[in-house]
Number of protein chains: 2
Amino acid sequence: MLTVERQTKIREMLKEKEMATIHELVETTGSSESTIRRDLTEMEERRELKRVRGGAALLKRRQEEPALIEKQVQFVEEKQQLAHYAASLIKQQDCIFLDAGTTILYMIPHLKDREITVVTNGITHVPLLLEHSITTYVTGGKAKEKTSALVGHAAAETLKNYRFDACFLGVNAVDDEAGYTTPDPEESVVKQTALQVGNKNYVLADHSKMGETAFAHIAPLHAATLVTTEDISEDHQQRYSEYTEIKVVKS
Amino acid sequence: MLTVERQTKIREMLKEKEMATIHELVETTGSSESTIRRDLTEMEERRELKRVRGGAALLKRRQEEPALIEKQVQFVEEKQQLAHYAASLIKQQDCIFLDAGTTILYMIPHLKDREITVVTNGITHVPLLLEHSITTYVTGGKAKEKTSALVGHAAAETLKNYRFDACFLGVNAVDDEAGYTTPDPEESVVKQTALQVGNKNYVLADHSKMGETAFAHIAPLHAATLVTTEDISEDHQQRYSEYTEIKVVKS
DNA sequence: TCAATTTCAATCATTTTCGATCATAAACAA
DNA sequence: TTGTTTATGATCGAAAATGATTGAAATTGA
């Protein structure tokens, strides 16, 4: 049996079953274990599959990401709710800006196959967006060490070339007096610019952000519609609604 | 049996089964192994099929570029050599441009903890660059479906804001007449702009790119120093050196 | 925990495949 | 005719692929 032929069979088996044991592969190809092992090693180097003990598995692009995200991220369910609702605000043919950050990331699966154009400064969003067949543009800018978000003057400048039907932003803190704030001034300048070029703006924030303030000012509350969940206090709901439109997502 | 007749049989067999072993072909044609080998070599040169060890396979007539995954398949070691050498050209404090693409990707591990500033249009490079503590800026632009590379006018525009000590580019094809070429015009515009704003420019290309041409013109050979390996033919070395500086990396 | 089993990478001998070379025979030209 | 070109088949050493074996590492089960 030809090498290419054998490796094609391996690919086919994996497509069918997600994973396969070495023994299975030995049987269906009629080759020796050594040969199969060599094939798997080679194919893993080519990123065609992932070796696992005893066999091989189809590799999923996001294999590492969820684990990473789950660890770092708090209030996942709350953020999912926010993201789901926010995605429903987007209309066919819209051009939208998606801020970097995990809350916004969760919006992407809900955008699958919608005819929209997305601009983002979140490097980590890009593979996921492309996977979901979404036309994607990326802002320029300096890449932030931990999050890979694009920030700073350069990012803001490229944003000025666009006009958005809607902008979806994450922030670190929401307060009626301080408005929306975030720790990194380099980031705030990007968010500010997005708010300037967006027609309708939304800030997604879970309950932990409420009544907090961070170092860098972004904008006063009225600059965007605040999307949050029932988990925030009545008091906060009351206070913020005096300054801006606020949408409380019910679970 | 006539030569044409024999080769027609080979074509037919391939159409049926996608691939065929030399032994099979020897049997059905009644010719010797040597003859079949000669046929296959000849037919491969005419791009009628692809030789694989032990036989031949139908070649997929894809106009599109091979996906990133398939691309990574080939000549990894050669690319590593190129990347290693290219990295040695970078000086402390340099500002450099790193093109998207796997060959260039391999440069990154060699840049660890160097005091340099990198600008790239390769989304996939960013996490790796940050991991190695390298100051990283990203161009804007449209994200390409398969490779996540940033391309098009927007990418080129942001590049004009920078000046580089050195640019490192990948290309799909190198030819003394056609110069450097690549299948995607959206990509070529980015590479062109990089060449304009770079002080010293390098094109990294393995032997498979030599003497080939692709759809979109980037620049004539003299626009960059060609970095390649011993694997390319004497003839190509000779010819290209008439047009541009060429560095042949020894293993 | 320990022992048994499975899985693994590394190594080696064998087999297969390859390209190069040479000899032969047929086709062709002078 | 004779010499030349071309296609073919055979052979050979080198390179690559394969299969078997081994001891180490990981996993499992008691």
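Below, chains carry the letters A, B, ... as their sequence lines are ordered, and counting in each starts from 1.
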Please report the distance, rounded to the nearest Å, between [atom1] in [X] and [atom2] in [N].
X	N	atom1	atom2	answer
A/Arg6	D/dA16	CZ	C1'	12 Å
B/Glu42	D/dA7	CD	P	8 Å
B/Glu44	C/dC18	CD	C1'	13 Å
A/Gln7	D/dA16	CD	C1'	14 Å
A/Met1	D/dT18	CE	C1'	14 Å
A/Leu40	D/dT18	CG	P	13 Å
A/His23	C/dT6	NE2	P	11 Å
A/Asp39	D/dA16	CG	C1'	13 Å

Can [X] and [Y] be counted as an ion pair, charged N to O under 4.0 angstrom?
X	Y	result
B/Glu42	B/Arg38	no
B/Lys9	B/Glu5	no
A/Lys112	A/Glu131	no
A/Lys17	A/Glu24	yes
B/Lys191	B/Asp99	yes
A/Glu48	A/Arg11	yes

Item to check | Phosphate contact (D/dA17 OP1 or OP2) by A/Ser32 side-chain N/O below 4.0 Å | outcome: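 No, because none of the side-chain N or O atoms of A/Ser32 sits under 4.0 Å from OP1 or OP2 of D/dA17.
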
Next on the checklist: If the cut-off is 4.0 Å, is A/Thr35 near the phosphate of D/dG19, judged by side-chain N/O to OP1 or OP2?
Outcome noted: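 For D/dG19, OP1 or OP2 has a side-chain N or O of A/Thr35 closer than 4.0 Å.
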
Next on the checklist: Give me the atom names and distance for the closest heavy-atom approach of B/Ala20 to A/Leu2.
Outcome noted: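 So the two residues come closest at O-CD2, 3.8 Å.
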
Next on the checklist: If you compare all heavy atoms of A/Val76 against all heavy atoms of A/Tyr106, which two are closest, and at what distance to 0.1 Å?
Outcome noted: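 What the structure gives for the nearest pair is CG1-OH, 3.6 Å.
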
Item to check | Difference in axis direction between the ends of the helix from C/dT1-D/dA30 to C/dA30-D/dT1, five pairs, 10° | outcome: 20°

Item to check | Residue pair A/Glu187, A/Lys144: steps toward the salt bridge (Lys or Arg N to Asp or Glu O under 4.0 Å) verdict | outcome: CA-CA 9 Å; A/Glu187 253 179 60; A/Lys144 262 192 89 166; 2.8 Å; yes

Checklist entry - Which nucleotide, D/dA7, D/dT27, D/dG19, lies nearest any side-chain atom of A/Arg53? => result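 Nearest nucleotide to the side chain: D/dT27.
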
Item to check | Sugar-phosphate, base or nothing in reach of A/Val26, heavy atoms under 4.0 Å | outcome: nothing

Table of protein N/O atoms under 3.5 Å from nucleotides 9-12 of chain C N/O atoms:
from, atom 1, to, atom 2, distance (Å)
C/dA9, OP2, A/Arg51, NH1, 3.1
C/dA9, OP2, A/Arg51, NH2, 3.3

